[in-house]
Amino acid sequence: MTPERPGRTPPADAGGRACPKGGAPPLPEVHLVAAARPNLPKLAALWHALAEAPPICAPLLVHTGQHHDRAMFGDLLEDLGLPAPAISLGVSGGSHAELTGRTMIAAEAAWRTRRPALVVVAGDVDGALAAGLAARKLGIRLAHLEAGLRSGEADMPEEINRRALDAISDLLWAPDAATAVRLVAEGYGAERVRAVGNAMVDSLLRHLPAARARPLPPGLAPGGYGIVTLHRPANVDSRERLLHLIGAVERAAERLPLAWPLHPRTRARMEAFGLVPPRNVRMLPPLRYLDFLALMAGARLVATDSGGVQEEAAAIGLPCLTLRASTERPVTLAAGGNRLVTPEELPAAVLLPPGRAAPIPLWDGQAGARMRAHLAEVLAPCR
């Protein structure tokens with residue numbers, strides 16, 4: 001550590017605290033912000049990497065509250081081996097603006113009391129954007145896990161959030177090399193961008209053996225069914241669109257038995273619109289992380305609008321049909337395991353799905369280790 005000199009500000013650790021004389025600085029706190037269910041498997045990869053010795057920081061889990069019930073959040077903490085959040089903001093519900101504003105206020109209050117050296121946000125939901133904005137307005141460094149994803153749909157709420165987060169983040173952790181190259185081409189400095197790999201794949205590979213040992217729901221046989229998941233606002237917030245999709249799923253189920261774990265948002269929209277589930281489709285409640293992995297591992301294909309499911313399907317070689325006009329995961333299309341389909345195309349596509357995805361570079365279970373290595377550089381102790 002450099003000696004103090006008259007008139008010079010004493011050196012500080014990465015959290016802004018003065019380094020103690022003659023001793024090592026305290027470990028800087030890094031706050032990992034989880035807003036929604038899909039954030040947790042990504043953050044779990046980093047959490048477990050940071051738990052390895054020697055310690056480089058003190059990680060704390062922060063929960064904004066956007067997904068908050070046991071089925072959508074609590075059970076995942078247990079399955080992923082994560083602790084209870086150290087900080088819970090308790091913000092959920094409301095419009096995009098209401099949720100974002102209330103989460104910013106709560107995050108600011110929390111970080112004025114307990115200021116971290118760096119905040120990590122994952123994904124592209126409103127709670128993630130709100131936490132990122134609050135951190136940067138307090139002068140706290142920010143890392144965006146899963147940076148650089150682009151769907152090209154400028155009005156898509158998630159697209160707005162992910163672009164805004166990239167713009168304000170100090171560290172941009174991209175899931176693949178092509179995404180990192182695109183970030184640099186967009187004008188982000190190469191020193192901010194790092195291709196770390198897919199953090200969700202880390203968690204999948206870590207927990208897949210345990211998932212494969214779990215039983216399937218009664219009546220489902222390995223290789224004898226497909227899966228449906230739908231929750232994106234563009235698909236479920238319009239009665240006409242959702243009715244159209246339910247009809248397509250019903251026709252597809254005449255050709256292949258289908259199981260549909262129903263997202264709370266989709267269930268609420270069905271009830272509000274007076275719609276009933278498709279006939280001859282096995283409707284399931286939201287599943288625990290391990291139970292959903294088991295369902296995927298035993299399936300013949302998945303039809304989804306979820307970005308995370310597209311990634312998980314590619315990682316385990318499960319053919320995927322994406323019920324959207326575009327995807328921010330084009331690497332899964334290039335790998336050959338994913339195909340964009342319309343509702344009209346779905347019934348035929350379940351009989352002729354894509355094949356297994358080719359291996360995707362950096363989707364190797366080491367994303368957490370790469371993020372840890374980058375943080376070790378950024379959070380270097382006092383010199």
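Quantities reported herein were computed from a predicted structural model and do not represent experimental measurements. FYI, side chains are in, hydrogens and waters are out, and symmetry mates aren't considered; it's all heavy atoms of this structure.
- Aromatic ring pairs are classed by plane angle as parallel below 30°, tilted from 30° to 60° and perpendicular above 60°; the pair Trp111 and His31 is tilted.
- For the pair Ala211 and Ala294, the tightest heavy-atom approach, listed with the atom from each and the gap, is O-CB, 3.2 Å.
- Nearest heavy atom pair, residue Pro354 against residue Pro319, reads O-CB, 3.1 Å.
- Checked by atom type and distance alone, the side chain of Tyr289 never pairs as donor or acceptor with a backbone atom of Glu78 at under 3.5 Å.
- Heavy-atom neighbours of Arg356 CZ from other residues, nucleotides or ligands within 6.0 Å: at or below the threshold of 12.
- A single hydrophobic cluster is not seen to contain both Leu230 and Val125; linkage of ILVMFWY side chains at heavy-atom distances under 4.5 Å, directly or through other members, places them apart.
- The hydrophobic cluster containing Ile168 does not contain Tyr188, counting ILVMFWY residues as joined when their side-chain heavy atoms lie under 4.5 angstrom apart, directly or transitively.
- Separating the CG atom in Leu333 from the OG atom in Ser326 is a distance of 9.5 Å, to the nearest 0.5 Å.
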(request) Run the numbers on His231 and Ser306 for side-chain contact (heavy atoms from CB on, under 4.5 Å), then give the verdict. (result) CA-CA 7 Å; His231 76 283; Ser306 163; 3.9 Å; yes

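- The two atoms that bring Gly123 and Leu165 nearest to each other are O-CD1, 3.6 Å, heavy atoms only.
- A side-chain donor-acceptor contact under 3.5 Å links Asn39 to the backbone of Ala35.
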(request) Mind running side-chain contact (heavy atoms from CB on, under 4.5 Å) on Phe273 and Leu243 for me, showing each step along the way? (result) CA-CA 9 Å; Phe273 297 149; Leu243 179 61; over 6 Å; no

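- Hydrophobic clustering of Ile, Leu, Val, Met, Phe, Trp and Tyr side chains at less than 4.5 Å, counting indirect connections, unites Leu290 with Leu284.
- Within the 4.5 Å cutoff, the side chain of Trp260 has no heavy atoms near those of the Ile227 side chain.
- A salt bridge links Arg265 to Asp237: one of the charged nitrogens lies within less than 4.0 Å of a carboxylate oxygen.
- Identified under the side-chain hydrogen bond (donor to acceptor under 3.5 Å, both in side chains) test for residues 79-91, with sequence neighbours left out: Asp79-Arg288.
- Using modelled atom types and a 3.5 Å distance limit, the side chains of Trp173 and His374 yield a donor-acceptor pair.
- Counting non-hydrogen atoms of other residues, nucleotides and ligands closer than 6.0 Å to CG of Asn280 gives a total of 12 or fewer.
- Between Arg150 atom CZ and Glu159 atom CD the span is 6.5 Å, to the nearest 0.5 Å.
- Here the shortest heavy-atom pairing between Arg241 and Pro343 reads NH1-CG, 3.6 Å.
- At a threshold of 4.5 Å between non-hydrogen side-chain atoms, the residues Asn235 and Leu242 do not count as touching.
- Contact check on Arg372 versus Glu52 returns no salt bridge, with no Lys/Arg side-chain nitrogen under 4.0 Å from an Asp/Glu carboxylate oxygen.
- Between Leu262 and Thr229, every side-chain heavy-atom pair lies at or beyond the 4.5 Å cut-off.
- Rounded to the nearest 0.5 angstrom, Leu40 CG and Asp75 CG are separated by 11.0 Å.
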(request) Walk me through it: do Leu375 and Leu171 pass the test side-chain contact (heavy atoms from CB on, under 4.5 Å)? (result) CA-CA 9 Å; Leu375 280 178; Leu171 309 180; 4.2 Å; yes

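- The pair Glu108-Arg112 meets the salt-bridge criterion, with a side-chain N (NZ, NE, NH1 or NH2) lying under 4.0 Å from an Asp/Glu carboxylate O.
- With Thr322 as the fixed residue, the side-chain hydrogen bond (donor to acceptor under 3.5 Å, both in side chains) test singles out one of Asp305, Asn338, Thr327: Asn338.
- Summarising the geometry, atom CZ belonging to Arg339 is positioned 12.5 Å from atom OG1 belonging to Thr332; distances are rounded to the nearest 0.5 Å.
- A donor-acceptor contact shorter than 3.5 Å is absent between the side chain of Glu250 and the backbone of Gly247.
- With hydrogens and angles ignored, the 3.5 Å screen pairs a side-chain donor or acceptor of Arg370 with a backbone N or O of Val196.
- In this structure, the separation between CG on Asp202 and NE2 on His207 is 10.0 Å, given to the nearest 0.5 Å.
- Residue Thr100 holds its OG1 atom at 6.5 Å from CG of Asn161, rounded to the nearest 0.5 Å.
- In this structure, Thr266 and Met270 have side chains that are in contact, with non-hydrogen atoms separated by less than 4.5 Å.
- Within the 4.5 Å cutoff, no side-chain heavy atoms of Val236 are placed close to those of Arg232.
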(request) Could you walk me through whether Glu240 and Ser238 pass side chain to side chain donor-acceptor pair (under 3.5 Å), step by step? (result) CA-CA 5 Å; Glu240 182 179 0; Ser238 160; 5.3 Å; no

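- Using a 4.5 Å cut-off on side-chain heavy atoms (C-beta onward), Pro277 and Ile246 make no contact.
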(request) Check the pair Arg192 / Asp170 against salt bridge (charged side-chain N to carboxylate O under 4.0 Å, His left out), numbers first and verdict last. (result) CA-CA 6 Å; Arg192 297 166 61 187; Asp170 300 281; over 6 Å; no

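- Of the candidates Leu138, Val62, Val33, Val33 is the only one forming a side chain to side chain contact (heavy atoms under 4.5 Å, CB included) with Val119.
- In this structure the side chain of Leu362 never reaches within 4.5 angstrom of the side chain of Asn198, judged on heavy atoms.
- In this structure the side chain of Val120 reaches within 4.5 angstrom of the side chain of Val30, judged on heavy atoms.
- Residues Leu205 and Val331 are members of one and the same hydrophobic cluster, defined by side-chain heavy-atom contacts under 4.5 angstrom among Ile, Leu, Val, Met, Phe, Trp and Tyr.
- With hydrogens and angles disregarded, a donor-acceptor distance shorter than 3.5 Å links the side chain of Arg102 to the backbone of Gly93.
- With hydrogens and angles left out, the side-chain atoms of Ser169 and Asp166 include no donor and acceptor closer than 3.5 Å.
- The two residues Gly308 and Arg329 have their closest heavy-atom pair at N-NH2, 4.0 Å.
- Connection of Leu60 to Leu145 is not established within any shared hydrophobic cluster, with ILVMFWY side chains joined at heavy-atom distances below 4.5 Å, either directly or through further cluster members.
- Between the side chain of Arg206 and the backbone N or O of Val201, no donor-acceptor pair lies under 3.5 Å.
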(message) Set out, in order, the CA-CA distance, both residues' side-chain angles and the distance that settles side-chain contact (heavy atoms from CB on, under 4.5 Å) for Val302 and Leu321, then state yes or no.
(response) CA-CA 6 Å; Val302 61; Leu321 302 170; over 6 Å; no

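- Remark: Glu344 does not engage Arg251 in a salt bridge, criterion side-chain N to carboxylate O under 4.0 Å.
- The shortest non-hydrogen separation linking Pro41 to Met200 is CB-CG, 4.3 Å.
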